[in-house]
Participant: 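First, the structure itself, so that you have it in front of you.
FYI, side chains are in, hydrogens and waters are out, and symmetry mates aren't considered; it's all heavy atoms of this structure.
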Amino acid sequence: GYAKTTIIPQGQDSIFIDWSNEFSPQTTPTVLATLRSADENDPIIAYRIEGAVSLAGVRFVFSSKTPSNNFALEVAAFIID
């Protein structure tokens with residue numbers, strides 16, 4: 001499986017999480033994610049997976065651009081037997 005926290009730079013409205021160097025599933029994995037901010041004053045931003053999860057990674061889009069460098073996306077990808 002794959003689990004990593006990625007810091008999202010300010011001004012981003014999407015991010016591609018590439019796990020191809022660390023995780024090589026043979027079938028499309030299940031993906032779970034949480035978007036968080038280190039600053040309680042940052043706005044709440046909605047997010048979703050854009051398109052289909054691939055064997056190499058997944059793209060997330062956000063409802064607005066990240067207003068600071070405080071945001072991080074925690075992503076887990078794994079195979080359910």
Side-chain angles (χ1 to χ4, degrees):
Y2 170 90
K4 187 175 270 190
T5 300
T6 301
I7 303 300
I8 303 169
Q10 182 176 355
Q12 299 300 302
D13 61 5
S14 70
I15 189 168
F16 184 77
I17 303 297
D18 182 350
W19 54 62
S20 62
N21 291 328
E22 301 161 63
F23 179 44
S24 301
Q26 300 302 306
T27 59
T28 304
T30 296
V31 175
L32 301 175
T34 299
L35 180 64
R36 62 179 175 81
S37 174
D39 185 342
E40 65 184 30
N41 295 313
D42 275 335
I44 295 171
I45 296 176
Y47 63 99
R48 68 174 174 86
I49 291 174
E50 181 177 62
V53 175
S54 74
L55 297 180
V58 61
R59 177 170 298 282
F60 289 91
V61 293
F62 310 123
S63 58
S64 61
K65 291 184 178 184
T66 50
S68 68
N69 291 315
N70 298 324
F71 285 87
L73 189 66
E74 298 172 342
V75 177
F78 49 92
I79 302 299
I80 297 176
D81 293 329

Participant: Rounded to the nearest 0.5 Å, how far does CZ of Arg59 lie from CD1 of Ile15?
Facilitator: 9.0 Å
Participant: For Pro29 versus Trp19, what's the shortest heavy-atom pair and its separation?
Facilitator: CG-CZ2, 3.6 Å
Participant: With Ser54, which residues qualify under side-chain contact (heavy atoms from CB on, under 4.5 Å), at least two apart?
Facilitator: Ala56
Participant: Kindly give the heavy-atom pair with the smallest separation between Ala33 and Tyr47, and that separation in Å.
Facilitator: O-OH, 2.6 Å
Participant: Other than Phe16, what residues sit in its cluster of Ile, Leu, Val, Met, Phe, Trp and Tyr side chains whose heavy atoms are under 4.5 Å apart, directly or through others?
Facilitator: none
Participant: Taking distance alone, no hydrogens or angles, what donor-acceptor pairs closer than 3.5 Å link side-chain atoms of residues 73-81 to residues at least two apart or in another chain?
Facilitator:
from  : atom 1 : to    : atom 2 : distance (Å)
Glu74 : OE2    : Arg36 : NE     : 2.5
Glu74 : OE2    : Arg36 : NH2    : 3.4

Participant: Considering only residues two or more places apart or on different chains, which pairs with a residue in residues 5-19 satisfy salt bridge (charged side-chain N to carboxylate O under 4.0 Å, His left out)?
Facilitator: none
Participant: Write down the atom of Asn70, the atom of Asp39, and the distance for their closest heavy-atom approach.
Facilitator: ND2-CB, 3.4 Å
Participant: Identify, with sequence neighbours excluded, every residue that meets ring-ring contact (aromatic ring centres under 6.0 Å, His included) alongside Phe60.
Facilitator: none
Participant: Looking at every non-hydrogen atom in both residues, tell me the closest pair between Asp42 and Ser37 and how far apart they are.
Facilitator: OD2-OG, 2.6 Å
Participant: Which pairs would a plain distance check flag for residues 3-11, meaning a side-chain donor or acceptor within less than 3.5 Å of a matching protein atom at least two apart in sequence or in another chain?
Facilitator:
from  : atom 1 : to    : atom 2 : distance (Å)
Lys4  : NZ     : Glu22 : OE1    : 3.1
Lys4  : NZ     : Glu22 : OE2    : 3.0
Gln10 : NE2    : Pro67 : O      : 3.2

Participant: Is Phe71 linked to Leu32 within one hydrophobic cluster, defined over Ile, Leu, Val, Met, Phe, Trp and Tyr using a side-chain heavy-atom separation of less than 4.5 Å?
Facilitator: no
